Amino acid sequence: MSYKVTNQKLNRWVNELAELCQPDKIHWCDGTKEEYDILMAQMVAEGRAIPVKKRPNTYLFRSDPGDVARVESRTYIATREQAKAGPTNNWVQTDELKKTMKALYTGCMKGRTMFVIPFSMGPIGSPMSKLAVQITDSPYVVCNMDIMCRVGTKVIELLNKGEDFVECLHSVGAPLKTGEKDVLWPCAPMENKYISHFPEENAIWSFGSGYGGNAILGKKCLGLRISSALAEREGWMAEHMLILRLISPEGKKYHVAAAFPSACGKTNLAMIQPAVPGWKAECIGDDIAWMKIGPDGYLHAINPEAGFFGVVPGTSYKSNPMAMDTVKENTIFTNCALTDDGDLWWEGKDGDKPAHAIDWKGKDWNPSSKETAAHANARFTAPAAQCPIISPDWENPAGVPIDIFIFGGRRSAVVPLVTEAFNWDHGVFLAATEASEPTAAILDNVGIRYDPFAMLPFCGINMADYFQHHFEMGDKLKNKAPRIFYVNWFRKNQNGEWLWPGFGDNIRALIWMCERIDGKAGARKTPIGYLPEEKDLNLKGLVIAQEKIKELLSVDPEVWKAEIPKMEKFFSQFGEHLPARLRNQLDELKSRLK
Ligand code: OXD
Ligand code: MN
């Protein structure tokens, strides 16, 4: 250990867990490049990490084929009473879950090293940041945490001054017998995987998976599930939102926070290259926003993460050139294909398919292979600072003041390109009824799934309480609240063709939002909100058939009436707990549609 720990709670916690998990060794991490390089070199020697020749300091990992994504069915919110977790979460009573998991943790790190990772979510020392410590037996997770969070001795200094921390315990759940040879990607079978959260105690216990949000605990577990509970108690917001700065040709800055379900293009929008000349964009975050009301009365957002954990398939110079440039070096790739010339391949990458590659399972692959070369949920882990359009304010401890909230999903019909909420309460209703068609991220989902605020898998409290909290935040923010918009980039015509080009052209909807704020752009009132007329949108330079624009901006009351029973059914699960203000919004929509 290169530092001394005088925080007694931390020492006690680590000692207790060492006794329970019985690792061979304990390694306190300092987050330095030397430490990262040594761990990577070890994993290369063991055959777990493959250096990617064409990309400096970049490594490819292949996971176990049964450990490839977040497992919502094995993700739990444990509270004393079920009502605190609500109907949309998997709930187990706290003591019962702890008993089950303690049995699993007993001796689970035998033959392995226990790593202790002190980290900060958010710039170290910002009043909006939180300190945490993750224990893990996976060196792959340590290296990912090094990129995704701020790890190191500065955090220990704050902990030694007596600051509190969130306890994050993780094990891959694969102890080794004496002399037993390890597998390349250790993990536990599905029935023993538990991604558990104890929001009443600020604790996370994860067991059995080494992949993504199941194991990199700063991200979904702390960044959203535990934080949404903290935010409700402490009066702030923890949201599944990208953060973006737009700069108009006149140099005016607008800050946008946007929530979309997983795999609906958050990273692409966060790194947009505006198709309208004169407009510029800067990226602040691509997945999580923590927001607090600042001394000026506006809602200020920070990105609590330090890296991007992005979906690789579909990423190209067409869809997201800035992401492509971000992952040129110093990146961890998981479950991509390796080409014979020492680079990576994935479905949707620019250029021709390679004639031969090694697929994500380590098998020979060629263009006639039946299976994909990369897994649909293959990921890159890359430092945010490497993004060419990262904002100079991305680590500003005071955050950036948010002007615009955007919600949206993937809907091939019904929902128009862009809608503005009538007011805050109506915006909360639009967000609460956010819905999306299935994506690769949710394989077991058939049909439309309601994903309120894109938080369905990430809300650590009763979703009804979460809704109520948003109404109360609006009451506090009053006329300084962000204006709320709803978008749908994914509408199709009857022949199944996309109506909207998307990507850099999405700036056209964003410009309308900025102009609405400035009182410059017109809108028409419809039963579902304010919509632009064609003349209100900046469509210069876009070749698009008139009837497509018409359809994109159309609202069919009959089709919307058919949405009402689905919304009612979704709300009914909350019973009396549903905020009256949400019920009122639904009633008002019904009467506007009459
Ligand atoms: C993610 C997700 O990894 O939302 O960001 O699944
Ligand atoms: Mn996400």
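Treat the numbers as computed from the prediction; the structure is a model and nothing was measured. In listed order, ligands and their atoms are each counted from 1.
The aromatic ring centres of W205 and F198 sit less than 6.0 Å apart.
A donor-acceptor contact under 3.5 angstrom links the side chains of T381 and N144, judged on distance only. Side-chain N/O atoms of T315 and N320 include no donor and acceptor closer than 3.5 Å.
Among the atoms of K220, an N, O or S atom is found under 2.8 Å from the Mn ion (ligand 2).
Below 3.5 Å of separation, one finds an N or O of K220 facing an N or O of ligand 1.
Below 30°, between 30° and 60°, or above 60°: for F453 and H470 the angle between ring planes is between 30° and 60°, a tilted geometry. Aromatic ring pairs are classed by plane angle as parallel below 30°, tilted from 30° to 60° and perpendicular above 60°; the pair Y450 and F570 is parallel.
Crowding of E371 atom CD: a count of heavy atoms from other residues, nucleotides or ligands under 6.0 Å not exceeding 12. Residue K253 qualifies as open at atom NZ: its count of foreign heavy atoms under 6.0 Å is 12 or below.
Atoms of ligand 1 found under 4.0 Å from any heavy atom of R379, numbered from 1 in the order shown, are 1 (C), 3 (O), 6 (O). If you number the atoms of ligand 1 from 1 as listed, the ones under 4.0 Å from a heavy atom of H240 come out as 4 (O). Ligand-side atoms of ligand 1 in range of F458: 4 (O), range being under 4.0 angstrom from any heavy atom. The atoms of ligand 1 that sit less than 4.0 Å from any heavy atom of D287 are 5 (O). Residue contact check: S262 has heavy atoms under 4.0 Å from atoms 2 (C), 4 (O), 6 (O) of ligand 1.
Taking the Mn ion (ligand 2) as reference, the nearest N/O/S atom within D287 carries the name OD1.
At a heavy-atom distance under 4.0 Å, no atom of F308 approaches ligand 1.
Heavy atoms of K266 stay at 4.0 angstrom or farther from ligand 1.
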